[in-house]
Amino acid sequence: MMFSCFLMCAVWFDFFIFFLQSLSCSWVFVWEKGYQETDSVVSSVTTKVKGVTLTNTSSLGARVWDVADYVIPPQEENSVFVMTNMIFTLNQTQGQCPELPDDKTECSKNNSCVPGYVSTHSNGIQTGKCVNYNDSIKTCEVFAWCPVEDDYHVPKPAFLQGAENFTILVKNNIWYPKFNFTKRNILPTINSTYLKNCIYDSKTDPFCPIFRLGKIVEAAGQNFQEMAVEGGVMGLQINWDCNLDRAASYCVPKYSFRRLDNKDTAHTVSPGYNFRFAKYYKDSSGVESRTLVKAYGIRFDIIVFGKAGKFDVIPTMINIGSGLALFGVATVLCDLVVLNCMKKKYYYREKKYKYVEDYEMGDGETYGTDS
């Protein structure tokens, strides 16, 4: 009776191990497609932004902004920058002027200023003079592009609020070298009429390659007008996971969006994304001047990833062989548990193994003969 119980436990344990191994093999073959050879995507991306907006300020007056004004530079690799806010310093010329006031540039007399001194945040080279910045503050004079830029106050709301309605066309071509399979995100079913009128929507137009900037930011859980003030970095992700055992029409892109730069209220030092550039001019007398622009904006990074799989004999045979080898582990594991872990392990060992005595044969004795 006791041996029957042990035998039943062994059978159930063996069945349990067999079930887990069957489940593992099913996972490999059905879900992970262990019968397929796989390849990673090779991709190229080009972009085109469109949109026009109007601003009216005291310094610039009424001005229309088009794509040539706010996309800087015109082309980048797998990304595009759209300027949404800016600080202008107009009509700068090289000369001497007071530095911006801070704890290192404020002075009371010339001895406080060191000729030739330049700090990390200087706008120019100190001349050694202490001059009036305004009626109440004196700062060290610098040789620089004058007047120097004052970027203490970032315009709020953003200068180009209308950028929310700009659109970006993303053209993505992909290639899987192992299978010599190519495709692009402008699918064969899309015609020119549809392309001129569609805007991406995850429910109504999931394959339209034209995206409204405000919708991209909104889909990432952000507020466009807040992000436009100091700038940031957005990721437009394109996923190409393709089962090439099916028809090519089933291999389609899936879009997702997320903010890539850190927007943490606990870390507010140097937030957003900005840089400077200048536009240079010369008057009729040959005097050079420039307009300095500190540009804030959103950089859209297009990130393409994916994997393709197709049936191949070699990975199929390898996984079948591995699966069959695993089934032999069930008996070994069952014996290890019963012979070493259970209370009646000695009783089971006596039933499993048959011990025989080893008798030595006498001199002159041979098998099969009578002595």
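Being a predicted model, the structure only gives us computed values, none of them experimental. Both backbone and side-chain heavy atoms feed into the values below; hydrogens, waters and symmetry mates do not.
For the side chain to side chain contact (heavy atoms under 4.5 Å, CB included) test with Phe159, the passing option among Val154, Leu60, Thr53, Thr84 is Leu60; the others fail. Checked against Ile216 for a side chain to side chain contact (heavy atoms under 4.5 Å, CB included), the options Tyr255, Phe224, Phe257 give a single hit: Phe257.
In this structure, Asp245 does not pair ionically with Lys310, as no charged nitrogen and carboxylate oxygen lie closer than 4.0 Å. A salt bridge does not link Asp301 to Arg258: none of the charged nitrogens lies less than 4.0 Å from a carboxylate oxygen.
Counting heavy atoms from C-beta on, the side chains of Lys109 and Cys130 never come closer than 4.5 Å. A heavy-atom distance below 4.5 Å is found between the side chains of Phe179 and Asp39. Using a 4.5 Å cut-off on side-chain heavy atoms (C-beta onward), Val52 and Val64 make contact. Residues Ile298 and Leu213 have side chains not in contact (no heavy-atom distance under 4.5 Å, counting atoms from C-beta outward). Proximity of Val304 to Val45: side-chain heavy atoms (C-beta onward) are separated by under 4.5 Å at one or more points. Side-chain contact between Ile199 and Asp205: absent, with no pair of heavy atoms (C-beta onward) separated by less than 4.5 Å. Counting heavy atoms from C-beta on, the side chains of Pro253 and Leu187 come closer than 4.5 Å. Side-chain contact between Val42 and Tyr176 is absent, with no heavy-atom pair separated by less than 4.5 Å.
At distances below 3.5 Å, at least one donor-acceptor pair connects side-chain atoms of Thr105 with backbone N or O atoms of Leu100. Asn239 contributes no side-chain N or O that, together with a main-chain N or O of Lys254, makes up a donor-acceptor pair within less than 3.5 Å. Distance alone, capped at 3.5 Å, is enough to place a donor-acceptor pair between the Gln75 side chain and the Thr47 backbone. Looking at Lys178, its side chain does come within 3.5 Å of a backbone N or O of Thr38 through a donor-acceptor pair. With Asn197 contributing its side chain and Thr193 its backbone, the two residues share a donor-acceptor pair below 3.5 Å.
Counting only N and O atoms by type, the side chains of Asn123 and Glu99 include a donor and acceptor under 3.5 Å apart. Looking only at atom types and distance, the side chain of Trp240 has no donor-acceptor partner in the side chain of Asn185 under 3.5 Å away. Side-chain N/O atoms of Gln96 and Thr127 include no donor and acceptor closer than 3.5 Å. The closest side-chain donor-acceptor pair between Ser43 and Asn172 falls under 3.5 angstrom. Donor-acceptor pairing under 3.5 Å is recorded for the side chains of Glu164 and Gln225. With hydrogens and angles left out, the side-chain atoms of Trp65 and Thr55 include a donor and acceptor closer than 3.5 Å. Side-chain N/O atoms of Glu106 and Thr139 include no donor and acceptor closer than 3.5 Å.
Sorted by first and then second residue, the disulfide bond (SG atoms under 2.5 Å apart) pairs involving residues 151-202 (not counting sequence neighbours) are Cys198-Cys208. Residue pairs meeting the salt bridge (Lys or Arg N to Asp or Glu O under 4.0 Å) criterion with at least one member in residues 126-139, sequence neighbours excluded, do not occur.
Note: Phe81 and Tyr70 fail the aromatic proximity criterion, with ring centroids not under 6.0 Å apart.
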Exercise. So Phe207 and Tyr200, ring pair (Phe, Tyr, Trp, His ring centres under 6.0 Å) or not? Walk me through it.
Worked result: CA-CA 7 Å; Phe207 302 122; Tyr200 172 85; 9.0 Å; no

Exercise. Given the rule in the disulfide (SG to SG under 2.5 Å) test, do Cys146 and Cys97 qualify, once you have shown the distances and angles that lead to the verdict?
Worked result: CA-CA 6 Å; Cys146 299; Cys97 54; 2.0 Å; yes

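Across Ile186 and Pro209, no two heavy atoms sit closer than the pair CG1-CG, 3.9 Å. The shortest heavy-atom contact between Gly124 and Ala144 is CA-CB, 3.7 Å. Of all the heavy atoms in Glu76 and Ile72, the pair that sits closest is OE2-O, 4.1 Å. The two residues Asn85 and Pro155 come nearest to each other via the heavy atoms ND2-O, 2.8 Å.
Around atom OH of Tyr250, no more than 12 heavy atoms belonging to other residues, nucleotides or ligands sit under 6.0 Å away.
Judged as a ring-ring contact (aromatic ring centres under 6.0 Å, His included), and not counting sequence neighbours, Phe181 has no contacts.
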